[in-house]
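To start, the structure under review is shown below, and the notes come after it.
Hydrogens, waters and symmetry mates are skipped; everything else that's a heavy atom, side chains included, is used.
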Amino acid sequence: CFITNGSYAYFSIDGVRIDGFGARALWMDNSVNRQDGFFLGRISRSIFKNGILGQKIGDSITFADVKVWGKNNVDLSGMPSNVSALGVTFQRGQITTENGFLILRDMDSVRIKDMWMEGNPTQPGYTVASAIQINNSHDVQIDGLMIAVPQNGSSAAPYQVIGMDQSKET
């Protein structure tokens, strides 16, 4: 499902299953930097195979009871730093992927609550494996995170739970 370069306010994706694609199941593209690109949205009770990509998404977006599985992770970037994304929330979901779990860039007021993540924590493009990679983001709160990685002869290298680059966690 590819949603691109429009104004998507007060949107809802509820109760869908998207799989069978080689690319990401959900791709929200705001590469034209619209300040009103994606905001005030809720994605809930849905299953996505092969990850979610959100490029320069706006604020007040909630992922609730969402399951993501397959080869790709959940990779979200906010707007440029002067118009940062506020209020991105993940709650009561599961991310089971082969290439890291969650990457957040340029986000403010991120909430991760009651999430289960499992698989290989190696994030493509990063030298140290992190289950969650947070870059240039502020006011990140994590509560109730469960992580399971392969053990005993698996391909998972040593990893850190959270990798942070120019970010602040509270």
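Across all non-hydrogen atoms, the minimal contact from A25 to F48 is CB-CB, 3.7 Å. The two atoms that bring R45 and V66 nearest to each other are N-CG2, 4.5 Å, heavy atoms only. Closest approach of S46 and G15 over heavy atoms only: OG-N, 3.2 Å. Nearest heavy atoms, R42 versus A64: NH2-CB, 3.4 Å.
Put simply, CE on M28 and CG on L53 are 8.0 Å apart, with the number rounded to the nearest 0.5 Å. Rounded to the nearest 0.5 Å, atoms CZ (R105) and CD1 (I103) are 5.5 Å apart. For the atom pair CZ of F63 and CG of L26, the computed distance is 7.0 Å after rounding to the nearest 0.5 Å. Of the inter-residue distances, the one linking N72 atom CG with N50 atom CG reads 5.5 Å to the nearest 0.5 angstrom. To the nearest 0.5 angstrom, S77 atom OG is 9.0 Å from N30 atom CG. To the nearest 0.5 Å, atom CD1 of residue I57 and atom CD1 of residue I52 are 9.5 Å apart.
Look at R92 and D114 and you find no salt bridge, because none of the NZ, NE, NH1 or NH2 atoms lies under 4.0 Å from a carboxylate O. By the 4.0 Å N-to-carboxylate-O rule, D106 lies too far from K56 to be salt-bridged with it.
For the residue pair N135 / Q133, a side-chain donor-acceptor distance below 3.5 Å is found, with atom types taken as modelled.
Each of I142, D139, V88, D143 was compared with R111 under the side chain to side chain contact (heavy atoms under 4.5 Å, CB included) criterion, and only D139 meets it. Of the residues listed (I95, I147, I132), the one engaging M115 in a side chain to side chain contact (heavy atoms under 4.5 Å, CB included) is I95, and it is the only one. For the side chain to side chain contact (heavy atoms under 4.5 Å, CB included) test with W69, the passing option among Q94, K49, E98 is K49; the others fail.
Residues N73 and R24 are in side-chain contact: their nearest non-hydrogen atoms beyond the backbone lie under 4.5 Å apart. Within the 4.5 Å cutoff, no side-chain heavy atoms of D65 are placed close to those of S44.
Taking hydrophobic clusters as Ile, Leu, Val, Met, Phe, Trp and Tyr residues chained together by side-chain heavy-atom distances below 4.5 Å, F39 does not share a cluster with I13. Hydrophobic clustering (ILVMFWY, side-chain heavy atoms < 4.5 Å, transitive): W116 and L104 are in distinct clusters. In this structure, L145 is a member of the same hydrophobic cluster as L76, with clusters built from ILVMFWY side-chain heavy atoms closer than 4.5 Å. Side-chain heavy atoms closer than 4.5 Å link hydrophobic residues (I, L, V, M, F, W, Y) into clusters, and following such links, even through other members, never connects F90 to I47.
Checked by atom type and distance alone, the side chain of T89 never pairs as donor or acceptor with a backbone atom of T62 at under 3.5 Å.
The aromatic rings of F38 and F11 sit perpendicular to each other, their planes meeting at more than 60°, with 30° as the lower class boundary.
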